[in-house]
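Below is one structure; the comments refer to it alone.
Everything numeric in this text was worked out from a predicted model, so none of it was measured. The sequence lines fix the lettering, A, B, ..., with proteins before strands; numbering per chain opens at 1.
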Amino acid sequence: MDYQFRDIEKKWQQFWAENQTYKVDNKSSRPKYFVLDMFPYPSGAGLHVGHPLGYIASDIFARYKRLKGFNVLHPMGYDSFGLPAEQYAIQTGQHPAITTETNIARYREQLDNIGFSFDWSREVRTSDPSYYKWTQWIFMQLFNSWYNLDSDKAEPISALISVFEKSGNHSVRAVSDEDIPYFTAEQWSVKSENEKQEILLKYRLTYLRESTVNWCPAMGTVLANDEVKDGFSERGGFPVVQKKMMQWSMRITAYADRLLQGLDSIDFPEPLKEMQRNWIGKSVGAMVKFSLSPSLVENLGDADKDKFIEVFTTRADTIYGASFLVLAPEHELVTALTTNAQKAEIEEYILLTRKKSELERMADAKAVSGAFTGSFAIHPLSGQQIPVWIADYVLAGYGTGAVMAVPSGDQRDWLFATKYNLPIVAISDAQQNLDQQADPTKEGRYINSDLINGLSYQEALPVLINKLEELNAGKAKINYRMRDAIFGRQRYWGEPVPVYFKDGLPHLIQQSELPLVLPEVDKYLPTESGEPPLARAEDWRYSLSSEQGNGEVYEYELSTMPGWAGSSWYWYRYMASPEEREENVFAPESAINYWKSVDLYIGGSEHATGHLLYSRFWNKFLKDLGYVSEEEPFKKLINQGMIQGRSNFVYRIKDEAGKGTNVFVSHGLKDQYLTTPLHVDVNIVAHEILDIEAFKKSRPEYEQAEFILENGKYICGVEVEKMSKSKFNVVSPDDIVERYGADTLRLYEMFLGPLEQSKPWNTNGIEGVFKFLRKFWKLFHDDSFNFRVSEDEPSKAEYKALHKIIRKVEEDIERFSFNTSVSSFMICVNELTDLKCTKREILQQLVVVLHPYAPHITEELWVLLGNNPGTLSFADYPEFKPGYLVENEFAYPVSINGKMKMNLNISLSSESAEVEQLVLNNEDVKRYLDGKSPKKMIFVKGKIINLVV
RNA sequence: GCUGAAGUGGUGGAACUGGUAGACACGCAGGACUUAAAAUCCUGUUCGCCUUAAAGCGAGUGCGGGUUCGAUUCCCGCCUUCAGUACCA
């Protein structure tokens, strides 16, 4: 029989499922390997052809590793909490759990069609209570922990309480809120329980804090940053305003430095590491205090008397060039500092900046504006009085929300000083053209800088820091751009937060009460009073168990966890086998110690600063508490590129009035007419040629359509866009599988180009891949498609073809160059076809080598070759024997002045002198030299001969 | 603006440490088989010039320089595209 991919693929997919071929054990004599894919959100649109790209790559890798003798964990699951299902629920009233279930079933069917070697017994769904029980449990651990800077790790909050009881908080070095007053053990002991809880909340790794959120009044809901475009909601285009709200936050900043350091130990793509470094945004500098001028202090209220302005700078060396201070308009001291004379001006300015949208702020990035408070601060080293201004180029959220302005060294300060006529003091003899722009050079020697005059940058910095510390006016300080992560959404379809409120303070529910199950609600919208949807749940209150409680009931937290909660630890759940999931732990210690961490993680780079940062954070936290063993969760990560859509267009002719006619003109002739380009379904276009009959049938109004053709064909226009339903450019893997089979789809997606590169989808080359598989099938069959292999000893050429591919595929897979192996398979099969090879010795090994790429056809042939069904996945990858590739002759390219002219067969054992003789006496070479004698001959053994004339 | 990645035939792409640029595949052209079509197979296919043909000559990896016997690969400057980020003191 000819290659019957439909039967073969169905048969083997069924076999693998029935026999649980890829179910993996947490025990094995073989070494372990964990291959993970970023799990999908099951959207209603189903998989398109771009989704499986990474999954195919990881599946090839997983199958290859199995052949190489590894015990491979290769699981799949669903990140099934999320907004689209909730949006759909709001519109239709259908419970998101039902939508999600339907979508998952569809995804599963599509994934099964492609022949992945997933261990489905370990599937996870983040929206499943048995899963989110542990997401909630991790939240509780975070609530019960604080970050100790002395040990540089998270520790139980109970340990902190003992310290407070023994010696207060003077000696505690923690990552915490800033506004914690010092107290002694004695003071602690007399505090009320609520006061204690209030203080502890400032230390906990997850805590409540007032944060600004994107509030959309029209939708009655909070939006994520990426749901807001230019101040309007992406969906619906309603205005969005900034609103302060009490929100759960995660103290990820405690881990900033470890997240940064850890990057050096993991194998991630350099651009991704760079993105994380920028996101963390570590800057080394100094905090400097500027006290307020005495005349001002007299007029201040008692509360502000000991206040000073603290700034953060990365260029403490430029301190003598600081000629004014600038505060963010939101800075807490602005009101106190504003003199009566300046009050009107300052208030007007603050009002102005509040009105400016993000967009406007960005648009006039070059223009600076500000207002003078009327007050002066004292320069800590020179003692001079310098004016204090406010300006919106200083951000309240970064550093201290105040800067010392050094106009000679910083361009924004320079612009500001120029605009408002403030002094620009040169501080280095290397600075140039200060009348035109700032010069931030670190070269040269300092001038106008008292203490450090004549010193270089390297010499000056320690001198300054020491002096500032001595004066108690400053200290070295490291600052991070990264902020603590908001951990809550005012939405329904997410994990409930296992917290109830008593006297306005949050308390955890009992661990034994987990999971706290998402309650039913009548509508998935916020309440009339603006509370999240969970407030609609009836009888959803917390009451303490009878031995502790007194029958009182309390309100639960009404927000739910954000999208990243469930995905920040899921790889550990995969480690637990189905049996172990019954145990009361997120994953048993033995399983974690066996699988340790993910060896290979494949996914999109869009998760660079979200998921991949949060996951590393939770992993480090779980390690601090001793629940997991590795500091980093993902040892190696590969970003697969995006597959873009390739849209096709037809051009409808407009009449003079601009009205559309029913005549369509081919792309090459469209410029002769007035036309409207219309998207046309890419599935009825092949090589840009429109299937006119299919087009006519696609819509009733096209039935009578007329066409102006070129060369008898209708040629469509092409554009690369995102793949989406509305652009009619979605290609579903199902269609490809139906037409060519899963093995062709797998090979073709790899053949398209390097895995990491983004590329538009097109099926132009798919025929070639399909033909290759038929050719491969034919190697095992005679002309009438009877299976036949011979037991004869292969020839040298046959061995050579085989061992070339054995080595090539090994090398390619190890460096994730899957596209090049597909080409090499084609070359190999072409060679063996030319050699009329039918030898079992060759073909059986080739089956094993091709198996990771095309698992179905190889399984079928494996069994036809007489092997047991299902054993191919665990066969041995053939051993490469270099002996088969050794040649004793090589066709040396002979070039003259670097230009290739001819090839010359010369023994590989020949040395330079011998070769020179041979080359110079060659008739063709003589002809090229045209009587001239070469100056020099370059000879690289096995590579090239180059004559220099 | 800054950071990162990438620019190679008509198309997707290959060339792994500086050593035969365009492998492999698509498309296209021509041919075989066929009543015909599909399928399959064979031949050609970077561009330009010259030639009946064989052969030959020249140019060529975004652009301009450089290093080298030799550069798609290394260095300097520039252009374009994509991604991330956005007044970060």
Secondary-structure stems, RNA chain B, at least 3 Watson-Crick or G-U base pairs under 3.5 Å: B:1-7 with B:79-85, B:10-12 with B:24-26, B:27-32 with B:40-45, B:46-49 with B:56-59, B:62-66 with B:74-78

Could you pull out all residues at least two apart from A:R315 that satisfy side-chain contact (heavy atoms from CB on, under 4.5 Å)? A:T313, A:D317, A:T318, A:P440, A:K442, A:Y457

Take atom CH2 of A:W389 and atom C1' of B:A89, then tell me their distance rounded to the nearest Å. 18 Å

To the nearest angstrom, how far is A:L612 atom CG from B:G84 atom P? 15 Å

On RNA chain B, compare the nucleotides closest to A:S824 and A:A396; which residue's is nearer the 5' end? A:S824

Quickly work out the A:L773 CG to B:A25 C1' distance and round it to whole Å. 13 Å

Starting at the 5' end of nucleotides 14-21 of chain B, put B wherever the base has a protein heavy atom under 4.0 Å, S where only the sugar-phosphate does, and a dash everywhere else. SSB--BBS

Please name all residues satisfying ring pair (Phe, Tyr, Trp, His ring centres under 6.0 Å) with A:W761, sequence neighbours left out, ordered by chain then number. A:Y748

Salt bridge (charged side-chain N to carboxylate O under 4.0 Å, His left out) filter on A:D691, not counting sequence neighbours, yields none

Review item, side-chain donor-acceptor pairs of residues 638-645 of chain A, under 3.5 Å, at least two apart:
residue, atom, partner, partner atom, Å
A:N639, ND2, A:G603, O, 3.1
A:Q640, OE1, A:G604, N, 3.4

Those residues at least two apart in sequence (or on a different chain) that pass ring pair (Phe, Tyr, Trp, His ring centres under 6.0 Å) with A:F751 are none

Could you list the residues that satisfy salt bridge (charged side-chain N to carboxylate O under 4.0 Å, His left out) with A:E916, not counting sequence neighbours? none

Rounded off to whole Å, could you give me the CG-to-P distance for the A:L272 and B:G4 pair? 14 Å

What distance do A:L846 atom CG and A:F776 atom CZ have between them, rounded to the nearest 0.5 Å? 4.5 Å

Write down the distance between CZ (A:F772) and P (B:C41), rounded to a whole number of angstrom. 14 Å

List in chain and number order the residues that pass side-chain contact (heavy atoms from CB on, under 4.5 Å) with A:S817, two or more places apart in sequence or in another chain; answer none if no residue qualifies. A:D812, A:R815, A:N819, A:T820

